[in-house]
Structure formats: structure tokens, C-alpha cells
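Computed from heavy atoms alone, side chains included, the values below leave out hydrogens, waters and symmetry copies. One-based numbering along the sequence shown.
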Amino acid sequence: MKAAVYYENGGPDVLKYEDVPDPQCHPKGIVIRVEAVSIEGGDTLNRWRGPLMTNPHVVGYQAAGEVVEVGAEVSKFKVGDKVCTTGAFGSHAELRAVPAMTAWKIPAGLSTREAAVIPVTFGTADDCLFEFGRMKKGEIVLVQAGASGVGVAAIQLAARAGASMVLATASSDERLEKLKAYGLTHGINYRTHDVVQEVMRLTDKKGCDVIVDSVGGPTLQSSILSLAYRGRVSMVGQAGREPMTVDVGSMMGGNRSLSGVFLGAEIATDRVQKNIQRLIEDVARGELKVLIDKEFPLSEAAAAHRYIESRQAVGRVLLIP
């Protein structure tokens with residue numbers, strides 16, 4: 001099969017388009033013919049500095065396609081089913097092998113392109129807001145990096161749950177404008193405005209009850225300083241790639257809290273399994289929307305990663321084998 005691979009960590013240019021052996025089907029797994037790859041933030045981070053689990057390494061968390069092989073111990077899937085999948089690596093390829101527990105059936109009427117985006121993106125956003133952020137109707141929510149895949153999902157989920165105000169940050173006014181159709185109340189351009197000052201201005205000095213932060217680094221400090229009394233930050237990534245140095249002393253006086261969130265730690269639990277399937281069905285019914293910014297051929301994976309890192313995208317970028 002063809003795949004986007006690399007032999008060493010680095011920038012997008014380490015990605016090569018080459019022939020590699022087809023993946024083997026585990027007795028408890030499935031193999032899919034990939035129709036769409038959703039490039040996740042973690043994919044670019046892993047390419048930059050993550051461990052090479054194989055050599056050459058095929059990076060990638062998330063992809064959707066058609067089941068072409070089923071393990072002997074698997075009963076919930078059959079050849080021909082359309083599924084979306086997650087895994088530690090292996091999405092940037094024409095074929096992908098995953099455990100059956102990290103695959104979900106795609107309902108009729110939902111495309112594999114849309115489904116490819118859902119599990120990690122919407123599952124993570126949902127956990128950040130509700131499982132760990134404990135968001136309630138009427139609260140104020142801030143989404144750092146609102147134009148990211150998790151950001152777009154979090155904006156929609158917060159608005160649907162009755163947030164009184166949904167704020168988000170992004171690198172340009174143009175990107176923020178596109179997010180208003182998904183439930184954004186006010187956007188903050190972090191390149192032209194101080195995020196903490198804008199949050200306090202927009203909330204009449206109250207601050208935010210729940211903050212979803214996938215950026216980390218100095219941005220995490222701005223999230224902490226933007227919290228309301230008893231506010232909660234869900235920290236879910238380090239997309240900014242800067243050192244995670246923060247002063248948490250300001251949290252104590254306001255009874256504020258900071259939670260680290262990693263969907264993969266609970267991906268096999270009944271709670272997360274059902275939650276992801278529910279979110280997939282919500283998208284299929286049109287209750288939630290997938291925002292796809294751009295598509296690249298799998299052979300142009302390096303260009304796709306470069307585009308993502310230019311911070312131009314709003315929503316997810318796909319690779320199509």
C-alpha cells in the first residue's frame with residue numbers, strides 16, 4: 001500500500017509518500033480501506049517530536065473508510081461496513097488496522113469524510129466541557145483555538161447545551177467570523193488583543209465558568225487568569241509547542257480548578273464508547289456540524305501538514321488516498 005511516512009522527527013518536509021507493507025489484521029481488530037484521513041493536532045505534534053513506533057513510521061490518529069478484513073474474534077463488524085476509526089498511529093495510509101473497540105459504524109447518509117473528523121474531535125470537546133468541565137446551562141464558556149477541530153466542536157456543544165456566552169480565540173478576525181455560524185457569541189483575536197482583558201470586558205469582569213484549552217504554554221496562563229469564581233479549565237493539548245510554565249497560585253483564592261484531559265485514557269470504557277457513537281449520530285441527524293476546511297491527496301501529506309501549521313485552517317484538514 002501507499003502511505004505518508006517518515007524516518008525521523010521534524011517539520012512537514014520529513015513526510016515521504018512511499019510503498020510500505022499492508023497492515024496485518026489482529027484477531028480482535030479490523031482492517032479498513034481508508035477513504036478519508038482527518039489530520040489531528042496530535043498528528044503534527046507526533047511528527048515533530050513523538051516516538052517512531054514503526055520504521056518507517058505512519059503517523060495519524062483518525063481515519064474512516066470501508067472494512068475489508070475482520071478479525072476472528074470480532075462480531076460487531078463485517079466486510080463492507082463503513083466505519084470511522086482511531087488509533088495511536090497509522091491513519092496516513094491507504095489501509096489501516098485498528099482494534100475493533102476503536103471503530104464506530106457510520107450511519108446511513110453520513111459521508112466517510114464527515115465521519116473521519118468526529119471521534120477524537122467531538123469526543124474530546126464533549127469530555128472537556130461536560131465530564132471534566134462540568135458545564136451547566138447558563139454558564140460562560142471560552143474556547144482557546146476556536147478554529148481548531150476541537151474548538152469548532154466545543155463551540156457547537158457549548159452553544160447547544162445552553163451556554164449564556166461562548167467566547168473563542170483565534171489568530172485572525174476572518175477565522176473568528178466563520179465561527180459565528182457554529183454558535184460563537186464573541187471572538188477574540190489574540191494577535192491584536194489581550195485575551196484576559198477582553199474576557200473580563202466581555203463578561204463584565206466575571207470571567208469564564210468553563211475554558212477548553214488545547215494550546216498550552218503561555219496560553220494556559222491566560223486561561224487560568226480568565227476564570228470566574230469556581231471556574232474550571234480543561235487542558236487538552238500543547239498545540240502551541242511552548243514550555244508549559246504557569247502560576248497556579250491565582251486559582252486558590254477563587255476555588256478554581258485545572259483538569260488534564262486525554263480521551264485516549266478512557267477510549268475503551270463503556271462511557272466513551274457510547275458517547276462517541278451518540279456524537280456520530282448527532283452529526284448524521286444534522287444536530288451538529290463537521291467543518292472541513294480543505295482536502296489534500298494523501299501524496300501531498302507534507303503540504304497538508306504545512307498548511308495546518310500556517311494557522312490558516314478553520315476546522316479540519318483531510319487527506320484523501
Given side chains that start at C-beta, do those of R311 and S172 come closer than 4.5 Å, heavy atoms only?
no

Filter on side chain to side chain donor-acceptor pair (under 3.5 Å), then keep only pairs touching residues 101-111, sequence neighbours left out; what's left?
S111-E114

I276/I280 under side-chain contact (heavy atoms from CB on, under 4.5 Å): CA gap, chis, key distance, verdict
CA-CA 6 Å; I276 290 175; I280 292 168; 3.9 Å; yes

What side-chain donor-acceptor pairs closer than 3.5 Å can you find for residues 62-81, not counting sequence neighbours?
unit_1	atom_1	unit_2	atom_2	d
Q62	OE1	V120	N	2.6
Q62	NE2	E40	OE2	3.0
Q62	NE2	A116	O	3.1
Q62	NE2	V117	O	3.3
K76	NZ	A100	O	3.4
K78	NZ	D81	OD1	2.9
D81	OD2	K78	N	2.9

Do the non-hydrogen side-chain atoms of L279 and L157 ever get within less than 4.5 Å of each other?
yes

Among residues two or more places apart or on two chains, list those pairs meeting side chain to side chain donor-acceptor pair (under 3.5 Å) that have a residue in residues 156-171.
Q144-T169, R160-D282, R160-E287, S171-R175

Indicate yes or no for a side-chain donor-acceptor contact from E300 to the backbone of P297 under 3.5 Å, with no hydrogens or angles considered.
no

When rounded to the nearest 0.5 angstrom, what is the spacing between NZ in K16 and OG in S299?
14.0 Å

Beyond-backbone contact of L288 with I118, side-chain heavy atoms, under 4.5 angstrom:
no

For S38 and L318, work out which heavy atoms get closest and say how close.
CA-CD2, 3.7 Å

Quick one: does R96's side chain get under 4.5 Å of V58's, heavy atoms only?
no

To the nearest 0.5 angstrom, please state how far the CD1 atom of I155 sits from the OG atom of S148.
8.0 Å

Nearest heavy-atom approach of A168 to L176 is O-CD2, 3.6 Å

Find the distance between CD1 (I211) and SG (C128) and round it off to the nearest 0.5 Å.
12.0 Å

With side-chain contact (heavy atoms from CB on, under 4.5 Å) as the test, would you mind laying out the steps for R278 and D126 before giving the verdict?
CA-CA 11 Å; R278 175 183 62 83; D126 196 270; 3.3 Å; yes

What pairs with D13 under side chain to side chain donor-acceptor pair (under 3.5 Å), at least two apart in sequence or on another chain?
R306

Within one Ile-Leu-Val-Met-Phe-Trp-Tyr cluster: Y190 and V212, side-chain cutoff 4.5 Å
no

With sequence neighbours excluded, what pairs up with D43 under the side chain to side chain donor-acceptor pair (under 3.5 Å) test?
none

Applying side-chain contact (heavy atoms from CB on, under 4.5 Å), name anything that partners H193, two or more places apart in sequence or on another chain.
I188, N189, E198

Is Q221 reaching over with its side chain to a backbone N or O of D247, donor-acceptor style, under 3.5 angstrom?
yes

I'd like to know if L225 and L220 are part of one continuous hydrophobic network [Ile/Leu/Val/Met/Phe/Trp/Tyr, side-chain heavy atoms within less than 4.5 Å].
no

Does a salt bridge link R316 with D293, judged by any charged N lying under 4.0 Å from a carboxylate O?
no

Could you name each residue pair satisfying ring-ring contact (aromatic ring centres under 6.0 Å, His included) that touches residues 81-102, not counting sequence neighbours?
H57-F89, H92-H305

Are L45 and Y307 connected in a single hydrophobic cluster, I mean Ile/Leu/Val/Met/Phe/Trp/Tyr linked by side-chain heavy atoms less than 4.5 Å apart?
no

Would you say V236 ends up clustered with L258 if hydrophobic residues are merged whenever their side chains have heavy atoms under 4.5 Å apart, either directly or through other cluster members?
no

Flag side-chain contact, heavy atom, 4.5 Å: R232 against S257:
yes

Compare all side-chain heavy atoms of R33 with those of L95 and state whether any distance is below 4.5 angstrom.
yes

Restricting to non-hydrogen atoms, name the atom on Y229 and the atom on G254 that form the minimum distance, rounded to 0.1 Å.
CD1-O, 3.3 Å

Side-chain heavy-atom pair Y61, T86 within 4.5 angstrom cut-off
no

Determine, step by step, whether R256 and I224 satisfy the side-chain contact (heavy atoms from CB on, under 4.5 Å) criterion, reporting the C-alpha distance in whole Å, the side-chain angles of both residues, the deciding distance to 0.1 Å, and the verdict.
CA-CA 8 Å; R256 303 173 178 100; I224 290 170; 5.8 Å; no

side-chain contact (heavy atoms from CB on, under 4.5 Å) between E18 and Y7: does it pass, once the steps are laid out?
CA-CA 12 Å; E18 297 183 353; Y7 295 82; 2.6 Å; yes

Nearest heavy-atom pair of V20 and P56: which atoms, and what distance?
CG1-CG, 4.1 Å

Where do E94 and P321 come nearest, in terms of heavy atoms and distance?
CG-CB, 4.2 Å

For A163, enumerate each residue passing the side-chain contact (heavy atoms from CB on, under 4.5 Å) test, keeping only those at least two apart in sequence or located in another chain.
M135, V141, A158, V166

Which heavy atom of D213 sits nearest to which heavy atom of S223, and what is that distance?
OD2-OG, 2.7 Å

Heavy atoms, side chains only, cut-off 4.5 Å: are R201 and H186 in contact?
no

Can you list everything that forms a side chain to side chain donor-acceptor pair (under 3.5 Å) with T112? Sequence neighbours excluded, please.
E35

Would you mind listing every ring-ring contact (aromatic ring centres under 6.0 Å, His included) that reaches into residues 110-133, with sequence neighbours excluded?
none

Taking NZ, NE, NH1 and NH2 as the nitrogens, is one of them in D127 or R271 under 4.0 Å from a carboxylate oxygen of the other?
yes

Is there a chain of hydrophobic side chains (I, L, V, M, F, W, Y, each step under 4.5 Å between heavy atoms) that links V199 to V248?
yes

Apply the hydrophobic cluster definition, ILVMFWY joined by side-chain contacts under 4.5 Å directly or through others, and give me every member besides L52.
Y6, V14, L15, V59

Between N9 and P51 (side chain of the first, backbone of the second, donor and acceptor by atom type, cut-off under 3.5 Å), is there such a pair?
no

Measure the CG-CG distance between L142 and L167 for me, rounded to the nearest 0.5 Å.
5.5 Å

Working to the nearest 0.5 angstrom, can you tell me the gap between S91 OG and I39 CD1?
8.0 Å

Starting from M101, walk the hydrophobic network (Ile, Leu, Val, Met, Phe, Trp, Tyr; side-chain heavy atoms closer than 4.5 Å) and list everyone else you reach, by chain and number.
none

Atom CD in E174, atom CG in L179: separation rounded to 0.5 Å?
12.0 Å

